[in-house]
J.: 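Handing you a structure now.
Letters A, B, ... are given to chains in the order of the sequence lines, protein chains preceding strands, and every chain is numbered from 1.
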2 protein chains.
Amino acid sequence: MPRHLTVDFRSPTPSYRQLADQLRDLITSGEIGPGEALPSLNRMVQETGLSMSTVQRAVRVLLEEGLVYTVPGRGVYAGPRKP
Amino acid sequence: MPRHLTVDFRSPTPSYRQLADQLRDLITSGEIGPGEALPSLNRMVQETGLSMSTVQRAVRVLLEEGLVYTVPGRGVYAGPRKP
DNA sequence: GTGTATTTGTTCGTATGTATC
DNA sequence: CGATACATACGAACAAATACA
């Protein structure tokens with residue numbers, strides 16, 4: 001079971017990057033394997049206290065890194081998009 | 001001198017992507033050479049009628065593609081960030 | 001089959017912060 | 001100092017895809 005997602009508002013590192021870093025760790029550590037779903041954006045909003053906009057920005061970072069793919073109406077998944 | 005930036009609101013292609021595509025063309029075509037400044041974000045807002053948020057998102061696309069770099073307080077420049 | 005809820009996607013407007021000139 | 005320019009973050013609205021009772 002995933003550990004709590006948190007951000008430190010006093011850190012000079014932007015919130016979206018802090019969240020992106022944590023999500024990246026979950027994936028590269030194998031805690032969330034390929035094809036497995038990440039927490040929904042709403043859930044990340046709840047856990048972090050960030051706004052939806054900021055959470056989406058964090059996820060977009062991983063999208064561009066190719067670490068996750070998204071399916072509208074479904075969720076965010078680890079690994080490469082499957083055919 | 002750069003041609004007018006425009007977006008078609010009836011297109012299914014998102015506005016931020018339309019703008020990003022146009023800016024990319026300006027760079028890859030050499031119309032804006034390495035080290036040269038792109039129009040300021042405010043200027044892009046004026047020319048396109050988009051919101052600042054959307055314009056910034058478009059520029060972020062090019063940033064992640066490594067086609068431009070930004071200098072806060074200065075502007076957006078074509079090419080790789082200089083050492 | 002028809003809603004209803006959930007989830008991601010796009011866009012806007014605003015506020016505030018930081019850097020440069 | 002004041003004006004300009006990019007950076008981060010929020011909240012809201014609406015759309016579209018998906019899932020499910």
J.: Less than 4.0 angstrom between a side-chain N/O of A:Arg57 and OP1 or OP2 of D:dA9, yes or no?
T.: no
J.: Are B:Ser15 and C:dT11 close enough that a side-chain N or O sits under 4.0 Å from OP1 or OP2?
T.: yes
J.: Closer than 4.0 Å, any side-chain N/O of B:Thr54 to the OP1 or OP2 of C:dC12?
T.: yes
J.: Among all residues two or more places apart in sequence or in another chain, which pass the side chain to side chain contact (heavy atoms under 4.5 Å, CB included) test with B:Ser53?
T.: B:Ser51
J.: Compare all side-chain heavy atoms of A:Gln22 with those of A:Leu26 and state whether any distance is below 4.5 angstrom.
T.: no
J.: Check whether any side-chain nitrogen or oxygen of A:Tyr16 sits under 4.0 Å from OP1 or OP2 of D:dA9, and answer yes or no.
T.: no
J.: Can you name the atoms? Protein N/O to nucleotides 16-21 of chain C N/O, anything below 3.5 Å, with the distance.
T.:
residue: C:dC21; atom: OP1; partner: B:Arg74; partner atom: NH1; Å: 3.4

J.: Just checking B:Ser40: base, sugar-phosphate only, or nothing, at a heavy-atom cut-off of under 4.0 Å?
T.: sugar-phosphate
J.: When you get a sec, tell me which of D:dG11, D:dA5, D:dT8 is the closest nucleotide to the side chain of A:Pro14?
T.: D:dT8
J.: May I ask you to say what B:Val76 touches in the nucleic acid, namely base, sugar-phosphate or nothing, with a heavy-atom cut-off under 4.0 Å?
T.: sugar-phosphate
J.: Using a 4.5 Å cut-off on heavy atoms from C-beta on, say whether the side chain of A:Leu5 contacts that of A:Leu23.
T.: yes
J.: Need one value for A:Thr70: base, sugar-phosphate or nothing, where a base atom within 4.0 Å counts as base even if backbone is also close, heavy atoms only.
T.: sugar-phosphate
J.: By nearest heavy atom, map A:Phe9 and B:Leu63 onto DNA chain D; which one lands nearer the 5' end?
T.: B:Leu63
J.: Determine the sole option in A:Arg60, A:Glu65, A:Glu64 for which the side-chain contact (heavy atoms from CB on, under 4.5 Å) test with B:Glu64 is passed.
T.: A:Glu64
